[in-house]
A.B. asks: 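Below is the structure I would like to discuss, written out as structure tokens.
Letters A, B, ... are given to chains in the order of the sequence lines, protein chains preceding strands, and every chain is numbered from 1.
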Number of protein chains: 2
Amino acid sequence: MFSKATEYALRATIYIARRSDEKNKPGLAEIAKVIDSPRSFTAKILQQLTKNNKIVSSVRGPNGGFFLTDKAKKLPVYSILKAMAEDEVLTKCVLGLKQCSETKPCPMHAQYKPLKQQLIKLFETKTIQDLASEITNGDSVIGNGK
Amino acid sequence: MFSKATEYALRATIYIARRSDEKNKPGLAEIAKVIDSPRSFTAKILQQLTKNNKIVSSVRGPNGGFFLTDKAKKLPVYSILKAMAEDEVLTKCVLGLKQCSETKPCPMHAQYKPLKQQLIKLFETKTIQDLASEITNGDSVIGNGK
DNA sequence: TTAATTAAGGATATTTTTGTCCTCTTTTTT
DNA sequence: AAAAAAGAGGACAAAAATATCCTTAATTAA
Ligand code: FES
Ligand code: FES
């Protein structure tokens, strides 16, 4: 469904949200290990999320690492998709028509549309914090332990 | 959601289903034009659908082209996804965990699962013929006219 | 102030996806 | 039989996605 880059972005952000506060900032090595992603590639993705979109924050130097502000934690998961420029995975025509519209719908449209809307709603409604809590509560996992 | 190749495969197959019978077999040029896809790349995809998976049939020579048998028309759309080796787009974990399971679910799983199941059901239930009929009835389009 | 630690950023490499082109084979028409 | 019209298939090309490495900058601790 999503690219590897976006999958890593989602997993990394959720993990950081769960692990970070004023005192505790997971570093790249820890993050990549836990979410099981290639380290340097993950670094690039975190740069993307840090730079333009202000979803993830970072500090350099000893005891540095990545963290999410309380404000960032309240962002919808959808904002990660937008930061990765993959939000149109959810919005575009499932058969690849240039426009997904009511006036010239593809033959899947009528039945696909309600599912699509539920999907979008799910990503718009769930916050990063919501997903992080799921893990803290032990209801779900994001990778290999922790 | 799906790769370009799979989008072309879906559109091409639906178009062929709609246009073809014993006497009438659309050719590559016509198909690519109507569904708005790169001609030679579409040829490769149709080869894939013809060769291994027997979804599309073809005949060479003058008045040759592509067609679907009545049997093929009754196949679920899902079979096109399988032929293109992209069925796991619908089945895998939305966050990219190696397993989508109940025992170690990702934090999206609980809410994503029902949508995923509806998506799979949609692709498993709808036949190629169903979608072709939608176009014949004028209820939807697959590309630029015809 | 020096050394150590950690993210940022640039350059490069690899792999996959997407796409083109040319020749070969099959089939029909003349 | 020859010519023409298609798809089949292989080789190649271009672009995008994925991934690695190395140097630089910032920050902290000794
Ligand atoms: S037009 Fe294809 S999904 Fe809306
Ligand atoms: S475990 Fe992630 S969707 Fe099922």
A.B. asks: Ignoring the backbone of F66(A), work out which of dA7(C), dA8(D), dG19(C) is nearest its side chain.
C.D. replies: dA7(C)
A.B. asks: Pick the closest DNA chain C nucleotide for K25(A) and for P62(B) by heavy atoms, then say which residue is nearer the 5' end.
C.D. replies: K25(A)
A.B. asks: Should S58(B) be listed as having a side-chain N or O under 4.0 Å from OP1 or OP2 of dA6(D)?
C.D. replies: no
A.B. asks: With a 4.0 Å cut-off on heavy atoms, is S3(A) in touch with a base, just the backbone sugar-phosphate, or nothing at all?
C.D. replies: sugar-phosphate
A.B. asks: Without decimals, in angstroms, what is the distance between K4(A) NZ and dT17(C) P?
C.D. replies: 10 Å
A.B. asks: Here's a test of your reading of the structure: between T6(A) and G61(A), which maps to the more 5' nucleotide of DNA chain D?
C.D. replies: T6(A)
A.B. asks: Quickly work out the R39(B) CZ to dC22(C) P distance and round it to whole Å.
C.D. replies: 13 Å
A.B. asks: Does the side chain of E7(B) pick up a donor-acceptor pair with the side chain of S3(B) at under 3.5 Å?
C.D. replies: no
A.B. asks: Hey, are D36(A) and K98(B) close enough for a salt bridge, meaning a charged N less than 4.0 Å from a carboxylate O?
C.D. replies: yes
A.B. asks: Rounded to the nearest Å, what distance is computed from the CZ atom of residue R60(B) to the P atom of nucleotide dC24(C)?
C.D. replies: 13 Å
A.B. asks: Between L28(B) (CG) and dT26(C) (P), how many Å, whole number?
C.D. replies: 19 Å
A.B. asks: How many Å lie between CD on Q47(A) and P on dT24(D), as a whole number?
C.D. replies: 16 Å
A.B. asks: Base of dG10(D), side chain of K44(B) - is there a donor-acceptor contact under 3.5 Å?
C.D. replies: yes
A.B. asks: Ignoring the backbone of P38(A), work out which of dA8(C), dT20(C), dT20(D) is nearest its side chain.
C.D. replies: dT20(D)
A.B. asks: Let's see if you can work this out: which of dT18(C), dT27(D), dA29(D) has an atom nearest to the side-chain heavy atoms of N63(A)?
C.D. replies: dA29(D)
A.B. asks: Between the side chain of K25(B) and the main-chain N/O of S58(B), is any donor-acceptor distance below 3.5 Å?
C.D. replies: no
A.B. asks: Considering only heavy atoms from C-beta outward, does the side chain of V94(B) approach that of L10(A) to under 4.5 Å?
C.D. replies: no
A.B. asks: Can you identify which nucleotide, out of dC21(C), dG7(D), dG9(C), has its nearest atom closest to the K51(A) side chain?
C.D. replies: dG9(C)
A.B. asks: OP1 or OP2 of dT18(D) less than 4.0 angstrom from a side-chain nitrogen or oxygen of Y8(A), does that happen here?
C.D. replies: no
A.B. asks: Does A5(A) reach a base, just sugar-phosphate, or nothing at all? Heavy atoms under 4.0 Å.
C.D. replies: sugar-phosphate
A.B. asks: Can you tell me the distance, in whole Å, between the CD1 atom of I45(A) and the C1' atom of dT18(D)?
C.D. replies: 9 Å
A.B. asks: Look up atom OH in Y8(B) and atom CG in L46(B), then write down how far apart they are to the nearest 0.5 Å.
C.D. replies: 12.5 Å
A.B. asks: Could you check how far CZ of F41(A) sits from P of dT14(C), rounded to whole Å?
C.D. replies: 16 Å
A.B. asks: Within this structure, what is the CG-to-C1' distance between L46(B) and dG19(C), rounded to whole angstrom?
C.D. replies: 15 Å
